[in-house]
Each structure stands twice: as structure tokens, then as C-alpha cells.
Amino acid sequence: MLSSVIQQTFAGSDGLSRADRFISRAVSKNECLAVMIVNVEDVERISATIGHAKTQDFLDEFHTELKFLLREKDAMERISDRKFAVILSGMNNQGLARIAAKRIERLASDVGDKGVFHQNLRANIGVAFYPVHAIQASELMRLAEIASLGSHAGSDAVSFFEEDFADHLLGEWGLEGRLDSALRAGDLKMHFQPKMCLATGSIVGAEALMRWHDPELGPIPPDVFIKLAESTGKIAALTQFAIQNVCMQMNEWKQRMPDIGVAVNITPTTIINGEIVEVLRTATSIWGLQADQITLEVTENALMEYPEESHGVLVELREMGARVSIDDFGTGYSSLAYLKDIPADELKVDRSFVSGMLEDRDDLKIVEHTIQLARSFGLQVVAEGVECGGTMDTLRKLGCDYAQGYHIARPMPGQELEGFIRGFDKDNKRQ
């Protein structure tokens, strides 16, 4: 039972693709764990100094060295360019975890000192413990994210989750006020992760992902500021910001990339109040776009939790011409009756299954059966979390329609996407 709860609640966040299984094993063995969020700092400064490509080389090397540093019984996953999640087995106190975290901090410094470009590569690390702080993977990741914010604010690169810190996070730091300021000042940015058609090898769209880099605190994790927006009633403003900025970006692209569609994530709150319909209608009208260029991604669990409310809103969106995608499919309580009735155009297979499908036969079966199930209901399939060519080849053989993941490209600013697509096609639409 606990394993299914972990899987349901964790999947869909920007975290470890197999954390649910890793933590469920710890549950069965009554084993302690330390969950760490590792952020590489000052990436923008380094990129401005030595260039984006060389900076990516540094981050890739840190990723590789971090894997070698860990023990066989530990786990690690890359969440974004600069962020990594680490789960350490048998860690039950701050002393042991601090030793491990300091080794990771030193590793970042050593990687930065290599080569002809000597850079001060720094990492900040937030830590939470199982079972002391939480027993669910998603909650452990969230608490480690909160702890990492503490290391942003303080002089110590390593910070442990504390209840008092979490309780005062909004008031003491004024994070709520900072979010208001970020909306006004333009500190929130939309990045875009390309989406590839597996049949043709062409980039046909992208998923829009919001990023917040606070001038003082550095990168604020999406899980943190989206939960903050929901808890403080600002999610509508955040959604409107996302839709407006996506439409504005697509307007800039439409002369040169008229066929590129964009997917935008919407939260359960946005679905329930129904405001998304008018927001999308207004934004597409202002920027001269057709609604069929926009895909709204809503999680499977949100649809199951609010079936009646979500159904009506999704029908309205589709009547406007917008596409609807069921995100994180397979991580909740899927049912054939629900699939039969839901107004949707595609399913997104969760990264927790895709990233492990070459090593785990059960994951492979889940992906294969999901593709077959989608076909039987006339839905297209997107696989997220594609991190190697072997995974992409297998998905193609299974009949998957589209793929996203680091093997294709990481999320990037809108102004970079056009150049990326040109280079991608010029390189013979690499497989």
C-alpha cells in the first residue's frame, strides 16, 4: 500500500524517476535514508564568462563525477541542467549526511578547477531524512528543496530541513512578496523543452516550463513556488502569466515556425475555477494565434480527483480548438471507464516508467501497454524522460508518437529554440 502511495504522490514532480521504488525498498527493510537536493550555483555568471556550451560541459562532467562518487546502494538523478537529487542509504543523522554533502560540495569545486577555464563552481545542498521528516518520496523531495533554500540564504552550503525554518519560510524571507515582485519585474521566465516526432525525427513542438531565479536567493524550485502560488491564491496570476508569455513567444515564432505547438501545464485549481478557458481565449486572440496550437497538460490524478469539474472545462477547451493531454499517465488510479469518457487528445507516459524501461521489464511492459491502450482509444502518446538513444529506438518500435527528454534537448529559453530546431534538422534529424 505504501509503495503505491509513494508512486502516486511522487510521480510528476521534477525529481527522481525511480525514487518511489528506492524508498519503498527502504520501507521494507526499515532502513534510514537521506534525500539531498544539489543545486549548482552561478550558472548564468559562468555561462556569460565562458559560453553556454562550455558551461554545459562543466555541468555534464559534474553529473558524471557525482555518479562515480556515490556507493552502489545509493541513487542519483539529474532533475535539470544544474539540479541533482541524491538518495543515500543508511544515513540516519546529520553528522554522516554532512560528511557526504561536503564531499559533493568539494566535487563541484574540483570539477570547476579542471581544464583551461578555471571557474568557481559551487553547489548548495538541502537534506531531508526518511523516516524522520517524511515517508513519501514527493514530500521528502519537497522538504529537501525547502532545506536547499536555506543554504541559498546562509553561508553554509549544506542545510538540513527544520520545521521552524519551513514555518517561517514565507514570512521571514517574504517569499510571497518576492513572488509578487517576480511577476512584476520579469524574474519569472518560460523555458521550452523540445518535443520530437519519432516517425519523422523532426521537432514538432515544445513543453513550456516556468523558471524563477530570484536576484538574492537564486533559483527557486518550481515545486516550491507553484505550491506557494496555490496556497496564497496566486495560481491564477501565475497561470495567466504562463499562457500570455507562451502566446507572445509563439507570435514571435509564427512567421518562421508556424507549425510548432506548445504544451502548458495547468493545475487542479485552475481547472476547478474554469478561468483557464477565458485566459486562453483572450491570450490567443491578442496574439493572433489559433487555439489548436496550444496543448493544456493536466495530471491524471487531478482528473480523477475532480472528475465532474474537470470534464466540463476540458470540453470547453477542446470546443475552442485547444488540445488536452493527460500528464503523468500511469502514476494514479487509471481506469478504462475514465479513459473512455475523458475529453483528451494524448497521453504522456510518466518519466518514472520511461527512464527505467531498458533495465526494468515491468517498466517496459507498462510503457508498451500504455501505448496500446492509447491507440485503442484514439489517443496519441508522448513519452517523457527519454535520456538515451536506446530508449528512443525502443519507443519508436513500440509505436510511440512523440518523445521528450535530455537525449533530445534540455529546456531552453524561447529565443534559443528556433536555432536549436534549425541545427537539429540540419544534422539530419539525429536519432
Side-chain angles (χ1 to χ4, degrees), residues 2-3 5-7 9-11 13-41 62-80 82-111 122-167 169 219 221 223-224 352 355-356:
L2 182 58
S3 178
V5 171
I6 289 171
Q7 183 183 52
T9 55
F10 180 83
S13 69
D14 262 339
L16 281 169
S17 58
R18 292 188 291 278
D20 50 356
R21 279 171 285 176
F22 199 88
I23 293 175
S24 64
R25 283 201 301 271
V27 172
S28 66
K29 298 177 180 179
N30 195 28
E31 184 178 52
C32 297
L33 295 173
V35 177
M36 297 182 176
I37 294 294
V38 181
N39 293 285
V40 178
E41 294 188 321
F62 176 70
H63 179 208
T64 300
E65 294 293 335
L66 182 55
K67 286 192 291 186
F68 284 122
L69 181 65
L70 300 181
R71 303 165 301 174
E72 288 186 5
K73 61 180 180 178
D74 300 328
M76 188 273 289
E77 193 75 24
R78 190 170 189 168
I79 298 175
S80 67
R82 68 179 74 195
K83 183 186 294 186
F84 306 82
V86 175
I87 298 181
L88 302 179
S89 297
M91 293 284 178
N92 60 358
N93 64 70
Q94 290 192 8
L96 291 174
R98 179 174 289 279
I99 292 172
K102 285 296 184 180
R103 288 193 66 187
I104 295 174
E105 180 189 3
R106 177 60 183 270
L107 175 66
S109 177
D110 290 345
V111 169
R122 299 195 302 267
N124 73 74
I125 303 163
V127 188
F129 292 100
Y130 167 86
V132 175
H133 295 134
I135 61 172
Q136 295 178 348
S138 60
E139 186 66 3
L140 283 164
M141 292 288 289
R142 186 179 74 85
L143 300 184
E145 290 272 25
I146 291 174
S148 74
L149 293 178
S151 60
H152 275 305
S155 58
D156 194 343
V158 183
S159 183
F160 296 90
F161 174 77
E162 296 178 1
E163 290 289 348
D164 289 344
F165 175 75
D167 291 341
L169 179 62
D223 279 356
V224 171
S352 61
S355 62

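In this text, all values refer to a predicted model and were calculated from it rather than measured experimentally. Below, each value reflects all heavy atoms present in this structure, side chains not excepted, and no hydrogens, waters or symmetry copies.
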So if I apply the side-chain contact (heavy atoms from CB on, under 4.5 Å) rule between V38 and each of L107, N124, V86, which one comes out positive?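 When L107, N124, V86 are each tested with V38, the side-chain contact (heavy atoms from CB on, under 4.5 Å) holds only for V86.
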Those residues that, when tested against R103, pass side-chain contact (heavy atoms from CB on, under 4.5 Å) (two or more places apart):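 side-chain contact (heavy atoms from CB on, under 4.5 Å) check on R103 returns L69.
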Could you tell me which residues satisfy side-chain contact (heavy atoms from CB on, under 4.5 Å) with K67, sequence neighbours excluded, listed by chain and number? H63, M76
Interatomic spacing from [atom1] in [X] to [atom2] in [Y] - rounded to 0.5 Å:
X    : Y    : atom1 : atom2 : result
M91  : C32  : CE    : SG    : 11.0 Å
E65  : L70  : CD    : CG    : 11.5 Å
F161 : L140 : CZ    : CG    : 10.0 Å
L143 : F160 : CG    : CZ    : 14.0 Å

Using side-chain heavy atoms (C-beta onward) and a distance below 4.5 Å, is [X] in contact with [Y]?
X    : Y    : value
L66  : I104 : yes
L88  : M36  : yes
F129 : Q94  : yes
I37  : I125 : no
M141 : V35  : yes
E31  : S89  : yes

Of all the heavy-atom pairs spanning A34 and A97, show the shortest one and how long it is. CB-CB, 4.5 Å
Give me the atom names and distance for the closest heavy-atom approach of A108 to A123.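 Answer, listing the atom of A108 first, then A123: CB-CB, 4.0 Å.
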Electrostatic pair E145-R142, nearest N-O below 4.0 angstrom: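 No, E145 and R142 are not salt-bridged.
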Is S159 reaching over with its side chain to a backbone N or O of A147, donor-acceptor style, under 3.5 angstrom?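 Confirmed, S159 side chain pairs with A147 backbone.
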For this output row, return yes or no: ring centroids of F62 and F84 closer than 6.0 angstrom.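 Between F62 and F84, the centre distance is under 6.0 Å.
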